[in-house]
Trainee: 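Take a look at the following structure, please.
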Amino acid sequence: MALLLSNATFLTSAAEIHQLPSDIGREVAFAGRSNAGKSTAINCLTQHKQLARASKTPGRTQLINFFTLDETHRLVDLPGYGFAKVPKQIKERWQTTMTQYLESRQSLSGLVLLMDIRHPLKPEDMTLLNWAQSSHLNTLILLTKADKLSRNQQAQTVAAVKRDALSLHTTVMAFSATAGIGVIEAQKTILSFLETK
Ligand SMILES: Nc1nc2c(ncn2[C@@H]2O[C@H](COP(=O)(O)OP(=O)(O)O)[C@@H](O)[C@H]2O)c(=O)[nH]1
Ligand SMILES: [Mg+2]
């Protein structure tokens with residue numbers, strides 16, 4: 001079932017739109033604020049320890065990173081947003097590249113939006129979510145670090161985010177890489193995005 005995901009190998013990094021790999025087949029992109037747990041989630045979902053470096057160095061995370069699953073399927077690690085220490089000019093350049101990627105990429109068949117379950121739906125998350133909804137893009141919201149909350153608190157936050165992010169194309173789940181919460185469900189949803197468009 002998760003075999004395709006565990007095939008993931010690093011393909012390439014792109015800083016500018018002209019460096020993107022061929023726009024063929026299907027890919028699912030991961031987005032979220034810096035520190036939301038994106039690298040940890042990618043490693044967990046692909047069952048690799050070091051695929052996406054769980055790094056806090058902004059230099060490593062400002063590129064769009066592509067991972068090959070097979071000839072026609074890829075995962076994409078988008079630059080984390082909301083990183084306070086990055087100069088405005090660099091932030092604006094990331095935003096331009098990311099916006100160009102999101103708006104032009106034909107093979108993009110799904111978006112995984114990661115948010116710390118304790119701090120969901122920040123303004124940048126809402127911007128991305130609204131764009132995804134207006135583009136009819138399949139979206140999976142992973143509320144990360146769910147192990148930090150009780151089961152009851154997790155369920156309450158999932159319900160609140162479902163209410164605020166209400167859309168036919170959005171799935172919301174609690175997720176924890178460390179406690180193994182939502183991993184199999186998230187893998188299934190991502191595989192379904194890779195199979196449909
Ligand atoms: N408790 C807990 N901590 C996590 C989890 N996922 C990530 N973290 C921690 O959150 C911090 C940021 O994670 P990282 O994957 O580098 O976030 P990124 O900036 O979004 O790629 C790190 O200290 C991780 O160890 C999780 O499921 N549970
Ligand atoms: Mg990261």
Side-chain angles (χ1 to χ4, degrees), residues 2 5-6 8-15 27-69 74-87 90-91 93-95 97-98 101-102 110-129 132 139-158 161 165 171-190:
L5 296 179
S6 61
T9 53
F10 178 75
L11 174 64
T12 187
S13 293
E27 61 194 28
V28 168
F30 288 70
R33 294 173 64 80
S34 300
N35 221 40
K38 190 155 54 78
S39 299
T40 308
I42 292 173
N43 289 340
C44 169
L45 293 165
T46 58
Q47 300 165 287
H48 283 261
K49 281 190 183 128
Q50 282 281 21
L51 190 66
R53 296 209 169 182
S55 164
K56 286 171 187 158
T57 315
R60 292 217 183 99
T61 53
Q62 62 185 252
L63 304 169
I64 302 181
N65 296 300
F66 290 82
F67 304 96
T68 300
L69 301 176
R74 291 172 300 278
L75 298 181
V76 185
D77 186 9
L78 294 173
Y81 42 81
F83 199 94
K85 285 178 199 151
V86 172
I90 296 181
K91 252 189 208 170
R93 203 187 51 166
W94 295 357
Q95 258 162 19
T97 307
M98 207 158 107
Y101 164 81
L102 290 170
L111 179 73
V112 183
L113 175 57
L114 296 99
M115 304 184 284
D116 187 318
I117 196 164
R118 298 162 299 176
H119 315 286
L121 299 174
K122 297 281 186 192
E124 298 100 325
D125 300 319
M126 286 311 295
T127 304
L128 197 53
L129 206 52
T139 305
L140 169 63
I141 293 180
L142 292 184
L143 298 172
T144 60
K145 312 185 194 183
D147 55 282
K148 299 276 191 185
L149 298 184
S150 70
R151 289 262 174 171
N152 196 23
Q153 290 171 312
Q154 289 172 29
Q156 278 174 19
T157 309
V158 169
V161 170
T171 306
V172 184
M173 47 182 88
F175 184 85
S176 168
T178 52
I181 299 168
V183 177
I184 291 168
E185 294 89 336
Q187 287 172 328
K188 277 188 190 160
T189 306
I190 292 163

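Keep in mind it's a predicted model, so treat the numbers as computed, not measured. All ligand and atom numbering here is 1-based and tracks the order in the structure.
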Trainee: Is it true that Ala36 lies under 4.0 Å from ligand 1, counting heavy atoms only?
Mentor: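 A heavy atom of Ala36 does come that close to ligand 1.
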
Trainee: How close do Leu111 and Leu128 get, counting heavy atoms only, and between which atoms?
Mentor: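 Closest approach of Leu111 to Leu128: CD2-CG, 4.1 Å.
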
Trainee: Taking all heavy atoms of Val183 and all of Ser176, pick out the closest pair and write down the distance.
Mentor: CG2-O, 4.0 Å

Trainee: Nearest 0.5 angstrom please: Asp125 CG to Leu114 CG, how far?
Mentor: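 Between Asp125 CG and Leu114 CG, I get 9.5 Å after rounding to 0.5 Å.
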
Trainee: Quick check on contacts: which atoms of ligand 1 are under 4.0 angstrom from a heavy atom of Lys148?
Mentor: 1 (N)

Trainee: Before giving the answer on side chain to side chain contact (heavy atoms under 4.5 Å, CB included), spell out for Phe175 and Leu45 the whole-Å C-alpha distance, their side-chain angles and the decisive distance to 0.1 Å.
Mentor: CA-CA 11 Å; Phe175 184 85; Leu45 293 165; 3.8 Å; yes

Trainee: Using a strict cut-off of 4.0 Å, indicate which atoms of ligand 1 neighbour a heavy atom of Ser176.
Mentor: 27 (O)

Trainee: Does an N or O anywhere in Gly37 fall below 3.5 Å from an N or O of ligand 1?
Mentor: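 N/O-N/O distance under 3.5 Å: yes.
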
Trainee: Work out which heavy atom in Ala174 is nearest to a heavy atom in Val158; give both atom names and the distance.
Mentor: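 In this case the closest contact between Ala174 and Val158 is N-CG2, 3.8 Å.
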
Trainee: Of the backbone and side-chain N, O or S atoms of Ser34, does one lie nearer to the Mg ion (ligand 2) than 2.8 Å?
Mentor: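 Given the 2.8 Å cut-off, Ser34 does not count as a ligand of the Mg ion (ligand 2).
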
Trainee: Can you confirm whether Phe10 sits close enough to Asp77 that some side-chain heavy atom of one is under 4.5 Å from a side-chain heavy atom of the other?
Mentor: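 A side-chain contact is absent here, since even the closest heavy-atom pair is not under 4.5 Å.
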
Trainee: Rounded to the nearest 0.5 Å, how far apart are CG of Leu113 and CD of Glu124?
Mentor: 11.0 Å

Trainee: Show the numbers, then the answer: is there a side chain to side chain contact (heavy atoms under 4.5 Å, CB included) between Leu78 and Leu102?
Mentor: CA-CA 10 Å; Leu78 294 173; Leu102 290 170; 4.2 Å; yes

Trainee: Please could you name the atoms of ligand 1 that Ala177 approaches to less than 4.0 Å, counting only its heavy atoms?
Mentor: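 This gives 27 (O) as the contact atoms.
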
Trainee: Under a 4.0 Å heavy-atom limit, does Asp147 contact ligand 1 with its side chain, its backbone, both, or neither?
Mentor: side chain

Trainee: Among Arg33, Met115, Lys145, which one puts a heavy atom closest to atom 4 (C) of ligand 1?
Mentor: Lys145

Trainee: Where does Ser34 meet ligand 1, judged by heavy-atom distances below 4.0 Å: at the side chain, the backbone, both, or neither?
Mentor: backbone

Trainee: Out of all atoms in ligand 1, which are within 4.0 Å of some heavy atom of Lys38? Include the element for each.
Mentor: 15 (O), 17 (O), 18 (P), 20 (O), 21 (O)

Trainee: Compute the minimum heavy-atom distance from Thr144 to ligand 1 and say whether it is under 4.0 Å.
Mentor: no

